[in-house]
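Read through the structure below, which is laid out as structure tokens, and then see the notes.
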Number of protein chains: 2
Amino acid sequence: MVSLAEMRAERPGTFSDGCPTRTVLDHVMGKWGVLVLVALSDGTQRWGELRRNISGISEKMLASTLKTLETDGLVRRTAYPEVPPRVEYALTDLGADLMTHVLPLMAWVADHAATMVERPA
Amino acid sequence: MVSLAEMRAERPGTFSDGCPTRTVLDHVMGKWGVLVLVALSDGTQRWGELRRNISGISEKMLASTLKTLETDGLVRRTAYPEVPPRVEYALTDLGADLMTHVLPLMAWVADHAATMVERPA
DNA sequence: CGGGATCCTGCACGATACTG
DNA sequence: CAGTATCGTGCAGGATCCCG
């Protein structure tokens, strides 16, 4: 499956209102979703690391974003019964597979963002 | 540039708060941005067509999303001085290039969305 | 250290009406 | 047909406090 036309032919109604794809899209593409996933592409990280690595995110949003992604099966949470507590987050296989497609997109954005924003109409 | 690590090494601070990439990311990955772009991947379309093809979008959001994407240089607007008015929207070369990276991602989402949502914790 | 609970605010977004 | 203008509102998301 390569083109949208093929995708549509095979799955009519995909991306229509109320379709699950919309939900997933909102989770993955939402303001913080991508950023968390990208951060985790660097490898397993602890809560505090994520908080520091994703500049601008609040604790609340980090918590809820992680929970959503965990429910979606993209992120795996591992808590160690120690004191002080230590919790690690990592991409699942599914999440890693997804990032295979997302990272090139991010690279493209990084390459073109300056051009797009600095060249106002 | 393939991995995030490489990207980071080359452009430190990319995706940090206030970075232009954040803006572009919000435009492209925003709730309606992707959907509009995906719709236009089918080819040039008129206002009314877009409105009908993107189920659930309001006139207001369609208007503002199109304007944003046009400013970003991803979408080209062509108005014909006729009566009744006719306006066509199409991807620019830049937009088409972007979709090269987005469509595979959308296909992935379409393939996995059902699995992700229907398998609740 | 890693969060959950709570409160509050802005603005993203929808609905409706009007115009060239 | 292709929009703008105006008005309301829900919820995303920030700030703060607290707890295991």
Side-chain angles (χ1 to χ4, degrees), chain A residues 15-19 22-37 39-40 43-72 75-90 121, chain B residues 15-19 22-37 39-40 43-72 75-90 121:
Chain A
F15 298 119
S16 66
D17 201 8
C19 176
R22 286 280 183 99
T23 307
V24 175
L25 220 53
D26 286 350
H27 293 177
V28 173
M29 320 274 285
K31 181 171 186 178
W32 300 114
V34 226
L35 294 172
V36 169
L37 291 171
L40 287 176
T44 300
Q45 288 187 59
R46 301 184 53 172
W47 167 274
E49 290 180 291
L50 285 172
R51 184 156 156 53
R52 265 172 280 111
N53 287 146
I54 306 170
S55 80
I57 198 169
S58 68
E59 297 196 348
K60 179 179 179 177
M61 288 325 292
L62 180 55
S64 74
T65 303
L66 282 171
K67 213 174 299 177
T68 306
L69 294 177
E70 195 192 350
T71 302
D72 288 342
V75 166
R76 175 175 35 247
R77 190 191 114 113
T78 314
Y80 298 87
E82 307 170 351
V83 80
R86 181 166 55 100
V87 182
E88 290 182 347
Y89 292 90
Chain B
F15 299 118
S16 65
D17 201 8
C19 176
R22 287 283 184 96
T23 308
V24 174
L25 220 52
D26 285 351
H27 293 177
V28 173
M29 320 274 287
K31 181 171 186 180
W32 298 116
V34 225
L35 294 172
V36 168
L37 290 171
L40 287 177
T44 300
Q45 289 187 59
R46 303 182 53 171
W47 167 273
E49 291 180 290
L50 285 172
R51 186 156 154 52
R52 265 172 280 113
N53 286 334
I54 305 170
S55 81
I57 199 171
S58 68
E59 297 196 347
K60 180 180 178 178
M61 289 324 292
L62 180 56
S64 75
T65 303
L66 282 171
K67 215 174 297 177
T68 305
L69 295 177
E70 195 192 350
T71 303
D72 288 341
V75 166
R76 176 175 35 246
R77 190 192 113 114
T78 315
Y80 298 87
E82 307 171 349
V83 79
R86 181 165 55 101
V87 182
E88 290 183 346
Y89 292 89

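Naming: A, B, ... by sequence-line order, numbering from 1 per chain.
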Point-to-point distance, once rounded to the nearest 0.5 Å, from [atom1] of [X] to [atom2] of [Y]:
X	Y	atom1	atom2	result
Thr68(B)	Met61(B)	OG1	CE	8.0 Å
Thr65(A)	Leu37(A)	OG1	CG	9.5 Å
Arg51(A)	Gln45(A)	CZ	CD	14.0 Å

With B for base contact, S for sugar-phosphate-only contact and - for none (protein heavy atoms under 4.0 Å), nucleotides 5-20 of chain C reads -BB-----BBB-B--B

Please state how far atom [atom1] in [X] lies from atom [atom2] in [N], giving the value in whole angstrom units.
X	N	atom1	atom2	result
Ile54(A)	dG14(D)	CD1	P	12 Å
Glu49(B)	dC1(D)	CD	P	11 Å
Arg86(A)	dC1(C)	CZ	P	13 Å
Arg77(B)	dC1(D)	CZ	P	16 Å

**Study point:** Arg46(A) vs dC1(C): side-chain N/O to OP1/OP2 distance below 4.0 Å
**Key:** no

Arg51(B) vs dC1(D): side-chain N/O to OP1/OP2 distance below 4.0 Å: no

Looking at Arg22(B) and Phe15(B), would you say the former's side chain and the latter's main chain have a donor-acceptor pair under 3.5 Å? yes

Please check: side-chain N/O of Ser55(A) versus main-chain N/O of Ser16(B), any donor-acceptor pairing under 3.5 Å? no

Given the options Ile57(B), Leu40(B), Val87(B), Leu50(B) meets side-chain contact (heavy atoms from CB on, under 4.5 Å) only with Leu40(B)

Within residues 62-70 of chain B, those residues having any heavy atom closer than 4.0 Å to DNA chain C are none

Note: Leu69(A) and Gly33(A) closest approach over all heavy atoms is CD1-O, 4.1 Å

All heavy atoms of Asp17(B) vs all of Gly56(A), minimum pair found to be OD2-CA, 3.8 Å

task = Scan Tyr80(B) against the nucleic acid and name what it touches under 4.0 Å (heavy atoms): base, sugar-phosphate only, or nothing.
result = nothing

